[in-house]
Amino acid sequence: SPDVNGMIIKLIRGGRICQAYEVFSILLGKNFIPNIFTCNSILFSLCKSGQSYVTLSLFYSLRKKGFSPNVYSYTAIVLGFSKEGLWKEAYCVLKQMQDEGCMPTVVTYTIVIKFLCIYNKFREAFDIFKAMDKKGCPPDLVTCNVVLHALCYHGSFTEAYNFIQVMQEKGFIPDQFSYSALASGLLKAGFVNKSTDLLSQVIFEGNNTVDVVTLNVYFHSLCCNGKVKKVQGMIKSMMEKGFVPTTITYNTILKGLCKEANTDEALLVFDKFSHGGNEADVVSFNTILSAACKQGNSSLIRRVFTRMGIEGIKLDTIGITCLMQYYGKIGKPQECYTLFKYMILHGHIPSTITYNVLLDSLCKNGFLACAYRIFHEFKNMGNFPDTTSYNILINASISKSDYFFTKHLLTDMYRQGLQPD
RNA sequence: UUCCGGUGCUUAUUAGAG
């Protein structure tokens, strides 16, 4: 049985969750409860895959069989509910664990704070952050980095810089996580040069640990400045000194080249994938596919498909959305809609962007009424609609001089708790 | 405490200005 425990954990580490769960179930069926490390690993991986209610019932049935949970077990379930934005449930588990004398750790709170921020619940996130000291469980550097990342991601840089100040006063020295969070926030907000400058300092002037992620953000910032060639040169010479790029490094370059409309060069980089240790992934393919779709380059689209088939990579939501955009662009909204139905049929969940692309494709081809019907059909699925969804419809209504409808859309937008940008 | 938990990087959507 020690071997079985180890086996399950190895399966999980290798990402083979289903097999791990299968083995786990067989053991339970024989009334054998694996050790707590193994049970916790299973609970975590189930929660991470977004099945928190399944996890919860597994948790209860384990307990009936004599499993006694520890703080890791509860933290797993808190993670699951937080990740899905099920806050009532998450808080309930937090309370229940304390009632049972199992105190949350800094990790538990950090998880809750991270997901509260992702769901735009900053007020509550900050309340928990402040309450941690009183609970005898003060924030650590990871907690600070989570908060810092949220601030930067939303473009609140004044607050971010103040926060770093406070961090330092408390003795937390910003590390590579802090700097890459700050730099990528700056990039996202369009402060490209600030991002590059910050990372140049971190990488070349300080004696900081520089890892591949920090470098990837740095390369990204250079690419945003049109310096792809420079990046390619740097990587080449760094590799001679032992630097090992990742697939993300290459994908960043791919995107940079595509943005310069240099798809030929991009394809060359793409070909090098198979030679190095890195393999092209679905992001690499989507990057090329997106460029091909924007150019209306159908032969390149076909080449990407062929290649994906050979490498056994399946189209995902983003890839299909690119194609939908292509069909909208070449005046075939019906094909766009067909693809949309295809993706649902094949079990892909459309994202808000997918819905928006569909709406825009219909609107741009003169089917505003149809777009509005679909808008209603999918309203409140996930985050849809967002501000962009309304912008698309409003733009179409104005093009048709249907200002009555424009006004209706604006009213509806406020009713959804959204504001014009 | 050689087996369990938390932080940073890459791909898709609208308008205007240039």
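Here is the naming used below: chain letters follow the sequence lines, and residue numbers restart at 1 for every chain.
Regarding A:I36, its CD1 atom lies at a distance of 15 Å from the P atom of B:rC3, rounded to whole Å. At whole-Å resolution of the value, OH in A:Y153 and C1' in B:rU10 are 13 Å apart. Atom pair A:N5:CG and B:rU2:P shows a separation of 17 Å (rounding to whole Å applied). A:N216 places its CG atom 9 Å from the P atom of B:rU10, with the value rounded to the nearest Å. Between A:N145 atom CG and B:rC9 atom C1' there is a gap of 14 Å when expressed in whole angstrom units. Nucleotide B:rC4 holds its C1' atom 16 Å from the CD1 atom of A:I33, rounded to whole Å. Straight-line distance from the CZ atom of A:F37 to the C1' atom of B:rU2: 12 Å, rounded to whole Å. The separation between A:H149 atom NE2 and B:rG8 atom P is 6 Å, rounded to whole Å.
The side-chain ring of A:F177 is stacked on the base of B:rU7, judged by centre separation under 5.5 angstrom and plane angle under 30 degrees.
A tilted orientation is assigned to the rings of A:F129 and A:F163, their planes being inclined by 30° to 60°. Taking the six-membered ring where tryptophan is involved, the planes of A:Y355 and A:F384 are tilted, since the angle between them lies from 30° to 60°. Ring orientation note: the planes of A:W87 and A:Y91 are tilted relative to one another, at an angle of 30° to 60°.
Taken from OG1 in A:T321 to CE in A:M324, the straight-line distance is 6.0 Å, to the nearest 0.5 Å. To the nearest 0.5 Å, atoms CG (A:L409) and CZ (A:F375) are separated by 7.0 Å.
Residue A:T75 places no side-chain atom within donor-acceptor reach of the base of B:rG6, judged by atom type and a 3.5 Å distance cut-off alone. A:T105 contributes a side-chain N or O that forms a donor-acceptor pair with the base of B:rG5 under 3.5 Å.
When the nucleotides B:rG8, B:rG6, B:rU10 are ranked by their closest atom to the side chain of A:D211, B:rG8 comes out on top.
At least one side-chain heavy atom of A:I113 sits under 4.5 Å from a side-chain heavy atom of A:M132.
Within residues 106-116 of chain A, the residues that place at least one heavy atom under 4.0 Å from RNA chain B are, in residue-number order, A:V106, A:V107, A:T108, A:T110, A:I111, A:K114.
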Point to revise | Contact letters for nucleotides 11-18 of chain B, in which S counts primed atoms plus P, OP1 and OP2 and B counts the base, heavy atoms under 4.0 Å | key: BBBBS---
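In RNA chain B, no run of at least 3 Watson-Crick or G-U pairs (N1-N3 plus N6-O4 or O6-N4, or N1-O2 plus O6-N3, all under 3.5 Å) shows up, so the stem list is empty.
Within 6.0 Å of CD in A:Q419 there are 12 or fewer heavy atoms belonging to other residues, nucleotides or ligands. Environment of CG in A:D402: crowded, with over 12 heavy atoms of neighbouring residues, nucleotides or ligands closer than 6.0 Å.
A donor-acceptor distance shorter than 3.5 angstrom exists from the side chain of A:N70 to the backbone of A:S73, with no hydrogens or angles considered.
Not counting sequence neighbours, the partners of A:A371 by the side-chain contact (heavy atoms from CB on, under 4.5 Å) test are A:L359, A:L362, A:C363, A:L393. Not counting sequence neighbours, the partners of A:Q19 by the side-chain contact (heavy atoms from CB on, under 4.5 Å) test are A:L11, A:R16.
A distance of about 23 Å separates the C1' atoms of B:rU14 and B:rU10, rounded to the whole Å. The same atom, C1', is picked in B:rU1 and in B:rG5; the two are 16 Å apart, to the nearest Å.
In this structure, A:K48 reaches the sugar-phosphate backbone alone: every heavy-atom distance under 4.0 Å involves primed, P, OP1 or OP2 atoms, never a base. Within 4.0 Å (heavy atoms only), A:T249 reaches no atom of the nucleic acid at all. A:T143 comes within 4.0 angstrom of a nucleotide base, judged by non-hydrogen atoms across all strands.
Sorted by first and then second residue, the salt bridge (Lys or Arg N to Asp or Glu O under 4.0 Å) pairs involving residues 355-380 of chain A (not counting sequence neighbours) are A:D360-A:K364, A:K379-A:D412.
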